[in-house]
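This report refers to the structure that appears directly beneath it.
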Amino acid sequence: MRWPDLLGSAVANTRRARIRATLTVLAVFIGAFALTLTSGMGTGVNRYIDDTVAAFGDSDALYVQKSQPLIELSSTSGPREYDPDTTRIRTGFGVSFEGLTPEDIEAIEEIDGVRSVKPMYSVAPTYLEAADGGRYQLSPGIPVDAVGLQMVAGGAPATGRDEIAVPESWVADLGFSSAGEAVGGRVDVVMTNMAEQDRAFPATISGVTQASLVGTSLNPIPSDSFNERLYDYQVSGAPEEVPESFAMATVTVEDMALAPGIQARLEDQDMLGLTVEDQLGMFRTVINAIVWILNACAVIALVAAGLGIVNTLLMSVQERTREIGLMKAMGMSGGRVFGLFSLEAVFIGFLGAVVGAVTGVVGGSVLSGALADGFLSGLPGLSLFAFESWRVALIVLSVMGIAFLAGTIPAVRAARKDPIASLRHE
């Protein structure tokens, strides 16, 4: 009997025990369905984290600061109104802390392995004034790489222009009906210098940003050049020159393999250097741990389904003992008998895996869309389930492999049966 004939016989034999085979396929289906969903969840969440990494900064750079927080993130849904009696202006992006000095920048540049250092000035605006006269507290976000920002409308602030990107949650408060209408709009950033003199700096809204996992888009983000203009006025008017102070510095290294040594050198000089992965790696670790736990539960379900395959085929071997004896008496080798029952196991696994994977992909895609418009609407850009064809194919093949292994015991038992004793079996 050729292998195509064996496959046809395996399919026919599976259909003979329809109820038992259906229950076994259902068990395989549950495991494959769960494994497809958990794999899709891991892919979707990690893809969102990768997008967040891009929004946060350059993955091949170190972000250096004094060992204190850089930015105060607003926990409200929009901007807070400016009240001159209660708002206290503090140097450094809304946080009172010691910034990097020019001497610190020089020390960083002298570290072996450092290619370039780009300092970022500490700016503390008095308030932001909208076109309708509304005034709001302003702790501007740190200018980040334009390619990384996730935009609802418009684009990132361009260097060389007085531009600012505002969060989507600020659009209505600034007097715009939509994110698209806000693009190109004008706002005034009011600064107070060292002589207590106020000055308004007009800025064009270049775009509207989405919220992100690390909060890089919770506050307005100025262009590099606009940020420097604000800083120059902030330190003007003093009776003597004000020492330069930087909120942070972006350090480009020659090779990221050198980063641990550079970080150690920075710590020796009371500075903290973090990579994007240092700051977001914990998110990824937690998500991967959860996905692995869920995958383990799915594998347990598949193991249970494998036991069901063993039981189904053992009963099939028992019921078809005389049939096996007749096949061997007619010249079928033990290897062919083994192949017949192995193909039955693989066919059961194939049915359960394909139906489970397809159902998982369809159900996960529908659920992902529903959650994105509902429960997860606060995390724009997050698709909870994302499926890659090669991963789904790998799941199907893996389940078929488990089914083959489960069918090995019954197949070996059938292959070893003595044809004479099998023909006498009642």
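- Among residues at least two apart or in separate chains, ring-ring contact (aromatic ring centres under 6.0 Å, His included) pairs with a member in residues 13-33 are F29-F33.
- In this structure a side-chain-to-backbone donor-acceptor pair under 3.5 Å is missing from T252 to A61.
- Counting heavy atoms of neighbouring residues, nucleotides and ligands inside a 6.0 Å radius, atom CZ of R413 does not exceed 12 of them.
- Residues V399 and V28 form a side-chain contact, since some pair of their non-hydrogen atoms from C-beta on lies under 4.5 Å apart.
- Looking only at side-chain heavy atoms (C-beta outward), V253 and L62 come within less than 4.5 Å of each other.
- Heavy-atom minimum distance, L274 versus Q263: CA-NE2, 4.0 Å.
- Side-chain contact between K118 and D224: present, with at least one pair of heavy atoms (C-beta onward) separated by less than 4.5 Å.
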side-chain contact (heavy atoms from CB on, under 4.5 Å) for L174 and Y136? Distances and angles first, verdict last.
CA-CA 9 Å; L174 295 179; Y136 304 99; 4.0 Å; yes
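- One distance of note links CD of E129 with CZ of R186; it measures 13.0 Å at 0.5 Å rounding.
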Between L367 and L384, is a side-chain contact (heavy atoms from CB on, under 4.5 Å) present by the stated rule, with each step listed?
CA-CA 8 Å; L367 181 61; L384 186 60; 5.8 Å; no
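- The aromatic rings of F201 and F226 sit perpendicular to each other, their planes meeting at more than 60°, with 30° as the lower class boundary.
- The shortest side-chain heavy-atom distance between Y63 and V251 does not fall under the 4.5 Å cut-off.
- Judged purely by atom type and a 3.5 angstrom limit, N193 uses its side chain to pair as donor or acceptor with the backbone of A195.
- In terms of heavy-atom proximity, A165 sits nearest to P157 at N-CG, 3.7 Å.
- Between G44 and A386, the shortest heavy-atom contact is CA-CB, 3.6 Å.
- L258 places none of its side-chain heavy atoms less than 4.5 Å from the side chain of D112.
- Note that the OG1 atom of T192 and the CZ atom of R199 stand 12.5 Å from one another [nearest 0.5 Å].
- A357 approaches V392 most closely through the heavy-atom pair CB-CG1, 3.8 Å.
- Scanning all heavy atoms of the two residues, the minimum distance from F246 to P119 falls at CD2-CB, 3.4 Å.
- In this structure the side chain of L37 reaches within 4.5 angstrom of the side chain of F385, judged on heavy atoms.
- Looking at I395 and S39, their side chains come closer than 4.5 Å, going by heavy atoms from C-beta outward.
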Determine, step by step, whether F176 and V208 satisfy the side-chain contact (heavy atoms from CB on, under 4.5 Å) criterion, reporting the C-alpha distance in whole Å, the side-chain angles of both residues, the deciding distance to 0.1 Å, and the verdict.
CA-CA 11 Å; F176 302 104; V208 178; over 6 Å; no
Residues R161, T204; criterion side-chain contact (heavy atoms from CB on, under 4.5 Å); working and verdict:
CA-CA 9 Å; R161 300 179 183 176; T204 301; over 6 Å; no
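- A donor-acceptor contact shorter than 3.5 Å is absent between the side chain of T159 and the backbone of S225.
- In this structure, CG on D104 lies 12.0 Å from CD on Q65, to the nearest 0.5 angstrom.
- With values rounded to the nearest 0.5 angstrom, M120 atom CE is found 6.5 Å from M248 atom CE.
- Taking all atoms of both residues into account, the shortest heavy-atom contact from Q269 to A107 is OE1-CB, 3.0 Å.
- Residues Y231 and V235 are in side-chain contact: their nearest non-hydrogen atoms beyond the backbone lie under 4.5 Å apart.
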